[in-house]
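First the structure, in the form of structure tokens, and then the observations on it.
Per chain, numbering begins at 1; letters A, B, ... match sequence-line order. Because the structure is a prediction, the values reported are computed rather than measured.
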Amino acid sequence: MMLLRSFKLLRRRRRSNLPPFPFSSPRRHSTAVDVSNSKDVVSSSIVTQLQELLQHPKDEWNSQESKNLLLPLLFNDSEPLSSRQILQITRQLGSTTKALDFLEFIRTNAEPEQQHCHLLSSVFQSALELANRDATSKIEVLKLHGYLKSQNWKIDLSSQSALILLRCLEGAKMVDDSLFLFKRLDNSAKNPGIFNELLRLLMKSGRIDDALQVLDEMLERDSKILLNGSTGDTVIEELVKWRDPRGRSFSDEETLALVKKLGEHGVFPDTFKLTQLITNLCKRKSNNAAREILHCVMEFGGEVDAAPCNAMLTGLGKGRDIEGMNKLLVKMQEMNIRPSVVTFGIVFRHLCAARRVDEALEMFNKLRGKGESNLFGVEPDVVLFNTLIDGLCKVEREEEALSLLEEMKTGSKHKPNTITYNCLIDGFGKAGNIHKAQELFDQMNEEGVQPNVVTLNVLVNGMCRSGRVHSAVEVFNAMKEKGLKGNAATYTPLISAFCGVNNIDKAMQFFDEMLSSGCSPDAIVYYSLISGLSIAGRMDDASIVVSKLKQAEFGLDVACYNVLISGFCKKNKLERVYEMLEEMEKVGVKPDTVTYNTLLSSLGKSGDFETANKLMKKMRKEGLAPSVVTFGALIHANCLNDNVDYAMTIFQEMCSTTSKVHPNTVIYNILIDALCKKDDVEKAVSLMDDMEERGVRPNTTTYNAILKGIRDKGVLNVALALMDRMIANACRADYVTMEILTEWLSAVGEIGKLDRFVMGYSVSSDSRSSLAKLFAASNSSPKALCKSSDGKESSTESMEKLSTTSMAKLFTVSTDRPLRAPSKLADRKTSSRRSSSAKISAASTSSQRAPCKSSDGKASLTTSLAELFTVSTYHPLREPPESPDRKRKSS
DNA sequence: CTAGGGTTAG
């Protein structure tokens with residue numbers, strides 16, 4: 001129908017003498033005539049004519065008649081159609097398909113010498129515009145892209161065409177095609193819009209190298225584009241937010257390279273983006289990159305205010321880099337960047353974390369203009385108060401924190417809020433002052449400061465810690481009645497506490513309650529339950545919780561593996577230990593110092609020195625430095641295996657000035673206990689003096705160990721001196737202490753002293769002199785109840801001491817700190833510790849068998865931890881009960 | 001920029 005109408009139209013035109021068709025009157029003439037005033041009229045008539053002609057189906061265009069009409073209009077060398085006209089004409093065709101038909105028509109009918117490139121280019125652009133206008137545009141545009149490819153890119157693309165294609169290709173994630181398109185693009189078509197589009201696209205796809213190249217090309221052509229256009233912003237914006245589906249973002253180098261490149265041309269991220277950039281980099285622990293970027297912006301003259309510096313300070317603080325923080329603060333001063341109240345918040349927090357609260361307080365007082373004028377023009381706010389209060393609480397200076405609270409209430413415009421009280425309640429709760437914690441809680445209620453779930457949690461936690469689980473449950477119930485629901489952090493301490501008193505049922509009950517109350521457990525709740533069960537030795541239950549945790553799609557972290565390993569070690573379920581280690585390797589959780597310490601301690605206790613020594617070597621190879629716990633395990637292992645002398649050697653090395661790890665209370669406790677058990681109370685006592693000299697605080701365990709030792713010696717006045725010291729050191733007696741003292745003091749008729757002790761009064765007359773002196777004086781003349789030791793035995797003992805010490809020296813030559821290998825003497829001695837000597841002999845044979853085991857195929861230079869652990873634990877010689885014959889055979 | 005829970009050795 002359309003056709004018919006346009007034919008009629010043509011005919012009508014011919015008949016009536018309306019404006020002549022170009023072909024009917026000589027064109028030159030008409031243009032010549034009209035050029036002065038009616039070019040547009042004539043041109044527009046050309047457009048109209050072409051539009052009308054092209055309304056016919058494409059088959060008809062190729063009829064001779066139509067061609068005769070169309071071609072002269074299209075290919076008029078003297079007055080070529082403008083791009084605008086072609087676009088207009090093509091647009092009128094109404095569909096992409098028709099536009100393409102038109103394109104083909106031009107191509108097939110153009111004489112080779114005719115200039116038709118711009119014709120094609122414009123028709124194609126129009127085709128793209130037609131394709132791009134509705135919902136199905138993406139497919140249509142992609143079709144045209146396909147056409148372009150099939151034509152081997154013979155059509156010159158206009159900027160507009162390129163833009164449409166690029167946008168569509170971006171949506172289709174066809175980055176390589178986009179780049180290829182750009183490369184084929186004529187220089188004249190590469191305008192700022194194209195550059196921006198392509199850069200954005202490349203950045204969005206994470207193709208920084210390509211983006212940098214395009215950027216270079218752009219800067220080469222015109223470096224002003226960066227400054228005038230939005231290019232810099234585009235790049236930076238993508239740089240900040242880009243994440244690939246797997247969460248990878250640009251590498252530090254890439255980010256740095258881009259910021260530098262832009263900075264060189266005077267383009268900088270604004271303060272918001274710079275802050276984000278630095279925050280992101282710091283979050284992935286790329287503090288150095290973040291710092292470089294910040295400095296780069298500063299050096300190239302970009303504007304930097306406090307915000308990005310604060311982000312950087314936060315990052316440095318997280319990395320415990322106080323030095324770096326200081327440098328940045330100095331730099332800020334140099335660059336005249338005014339710190340904000342946030343800057344001080346960060347600085348205070350980290351000063352407090354480094355236990356340098358006084359420095360924070362000092363600065364705080366300066367801010368408050370106490371005495372002098374406020375240096376920085378920064379007003380302290382409630383956050384600063386809270387930070388300091390928390391800091392003081394965390395270094396056990398609750399009383400000072402309390403006075404800051406008073407200041408807030410009376411002298412300051414910053415009234416305490418929930419966080420203020422939470423910090424204080426937590427502080428007092430952790431210090432064991434539940435009474436004060438409760439009082440603060442009441443106080444906040446009186447003042448109308450709303451408690452929140454954290455308030456509940458710190459209260460509950462404080463109570464659980466000081467063994468008042470019942471009160472904790474009461475508080476929790478009361479809060480529930482007020483409509484405050486607990487969260488995972490409420491349940492965790494309760495579960496731990498109930499596990500701690502071996503009330504597993506109650507712990508499980510709370511776990512179930514948590515689930516049924518609709519509170520979703522997080523990994524830590526699971527961990528605490530697993531840990532509680534493991535410590536309680538209920539490894540089967542622990543394993544069930546582990547599988548529940550896995551069902552909830554949580555993973556075990558290294559700490560969780562550690563408690564499990566420790567539990568299985570204690571149950572001697574070595575195959576489960578092996579399983580755990582293997583799983584860790586499989587899921588990529590690296591064993592840490594704690595893992596090694598746990599294994600070492602377990603191996604040491606069972607006397608498997610062979611594996612333990614290998615483990616030490618591996619630990620070192622993994623770059624893990626032995627900690628005080630490692631030495632504790634070694635010392636303990638040697639003590640348990642009748643090598644207290646070697647344990648002492650290790651200890652002495654720890655005390656040397658070159659040692660990096662110094663003995664702590666636990667180390668002393670192990671040795672004091674071992675020495676007392678070995679009947680070498682004299683040495684134990686002198687160790688206790690030594691402790692005092694070195695400023696290592698004895699605890700209840702220390703006193704209990706030594707009290708047991710001297711009880712067997714019957715030196716009462718040393719005991720009394722010790723009791724005084726316990727009181728002086730605020731060291732609480734526990735049931736073990738009471739048991740020893742009750743028995744002993746009532747036996748010697750001094751039970752009254754115990755009463756005085758319990759009430760906190762002094763019981764001794766000479767508590768000032770050293771214990772060793774007291775002991776020597778008391779021990780020279782044996783007293784009643786003193787169990788005399790067998791003289792003969794002690795002489796053999798001293799012989800043995802000598803030889804084991806020399807063995808020890810032999811071992812200390814190696815760079816590793818070895819466990820003391822069992823001496824031959826130990827074998828010869830008929831030990832009362834049947835099982836341990838059996839283990840020792842088995843361990844000593846394992847050194848000969850180990851190579852066999854490692855040659856059975858799997859062994860490689862990098863033995864896995866799990867493998868290492870199994871080599872000797874599964875050693876056949878360890879399993880069967882010892883027989884004297886076999887022992888001799890093996891040595 | 002400020003508050004809360006689990007982690008090895010004796």
Side-chain angles (χ1 to χ4, degrees), chain A residues 306-307 310-311 313-314 317 339-350 352 381-391 393-394 417-427 429-430 452-462 464-465 486-497 499 521-532 534-535 557-567 569 592-602 604-605 627-637 639-640 664-674 699 701-702 704-705:
Chain A
N310 291 344
L313 285 168
T314 305
S340 66
V341 65
V342 178
T343 315
F344 286 96
I346 302 163
V347 171
F348 286 5
R349 182 185 135 90
H350 288 99
C352 289
D381 64 359
V382 65
V383 176
L384 289 191
F385 270 104
N386 290 348
T387 307
L388 290 169
I389 286 176
D390 190 49
C393 286
K394 294 230 155 79
N417 62 16
T418 309
I419 295 180
T420 320
Y421 278 102
N422 289 350
C423 295
L424 282 159
I425 293 172
D426 188 46
K430 282 193 175 129
N452 63 11
V453 67
V454 178
T455 321
L456 167 64
N457 294 350
V458 292
L459 266 175
V460 166
N461 187 36
C464 286
R465 273 164 172 258
N487 62 15
T490 326
Y491 286 96
T492 306
L494 287 168
I495 290 171
S496 292
C499 285
D522 60 11
I524 295 182
V525 197
Y526 282 107
Y527 295 164
S528 68
L529 194 53
I530 292 167
S531 154
S534 297
I535 291 165
D557 67 357
V558 62
C560 195
Y561 278 113
N562 288 343
V563 292
L564 284 163
I565 288 172
S566 169
C569 277
D592 62 1
T593 312
V594 176
T595 320
Y596 279 95
N597 288 346
T598 310
L599 293 172
L600 279 172
S601 144
S602 169
K605 274 182 203 156
S627 68
V628 64
V629 181
T630 317
F631 288 113
L634 300 188
I635 288 173
H636 192 215
C639 289
L640 287 176
N664 64 5
T665 307
V666 178
I667 301 283
Y668 279 100
N669 291 352
I670 302 166
L671 285 166
I672 287 171
D673 186 61
N699 59 19
T701 313
T702 325
N704 291 346

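Residue N310(A) is classed as having no contact, given no heavy-atom separation below 4.0 Å to the nucleic acid. Contacts of S531(A) with the nucleic acid, taken as non-hydrogen atoms under 4.0 Å apart, involve only primed sugar atoms and P, OP1 or OP2. Among the protein residues, V525(A) comes within range of the nucleic acid bases, having at least one heavy atom under 4.0 Å from a base atom. As judged by a 4.0 angstrom heavy-atom cut-off over every strand, G632(A) is placed among residues making no nucleic acid contact. Counting any heavy atom pair closer than 4.0 Å across all strands shown, T387(A) reaches sugar-phosphate atoms only and no base atom. Residue-level contact check: D592(A) touches neither bases nor backbone, having no heavy atom under 4.0 Å from any strand. Residue I524(A) is classed as a base contact, given a heavy-atom separation below 4.0 Å to a base. Residue-level contact check: V347(A) touches neither bases nor backbone, having no heavy atom under 4.0 Å from any strand. If you check every strand for non-hydrogen atoms under 4.0 Å, N417(A) touches nothing. Nucleic acid contact class of N704(A) (heavy atoms, under 4.0 Å, all strands): none. Nucleic acid contact for V458(A): sugar-phosphate only, since backbone atoms but no base atoms lie under 4.0 Å from a heavy atom of the residue.
Taking the 5' to 3' direction, DNA chain B first and last meets chain A under 4.0 angstrom from a heavy atom at dC1(B) to dG10(B).
Test V666(A), L671(A), L640(A) against I635(A) for side-chain contact (heavy atoms from CB on, under 4.5 Å) and you get one pass: L671(A). When each of V563(A), D557(A), D522(A) is tested with Y527(A) by the rule side-chain contact (heavy atoms from CB on, under 4.5 Å), just one qualifies, namely D557(A).
Of the possible donor and acceptor atoms, none in the side chain of N457(A) sits under 3.5 Å from a partner among the backbone N and O of V460(A). In this structure, S602(A) contributes its side chain and T598(A) its backbone to no donor-acceptor pair below 3.5 Å.
Using modelled atom types, one finds no donor on one side chain facing an acceptor on the other under 3.5 Å when comparing N422(A) with N386(A). For the residue pair N597(A) and N562(A), no side-chain donor N or O sits within less than 3.5 Å of a side-chain acceptor on the partner.
Interface residues of residues 557-567 of chain A facing DNA chain B, ordered by number: D557(A), A559(A), V563(A), S566(A); criterion, heavy-atom separation under 4.0 Å.
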Report task. Show your reasoning for whether side chain to side chain donor-acceptor pair (under 3.5 Å) applies to N704(A) and T701(A). Result -> CA-CA 5 Å; N704(A) 291 346; T701(A) 313; 5.7 Å; no
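In this structure, CG in D390(A) is found 9.5 Å from CD1 in I419(A), a value given to the nearest 0.5 Å.
Residues meeting the side-chain hydrogen bond (donor to acceptor under 3.5 Å, both in side chains) test with D381(A), sequence neighbours left out: none.
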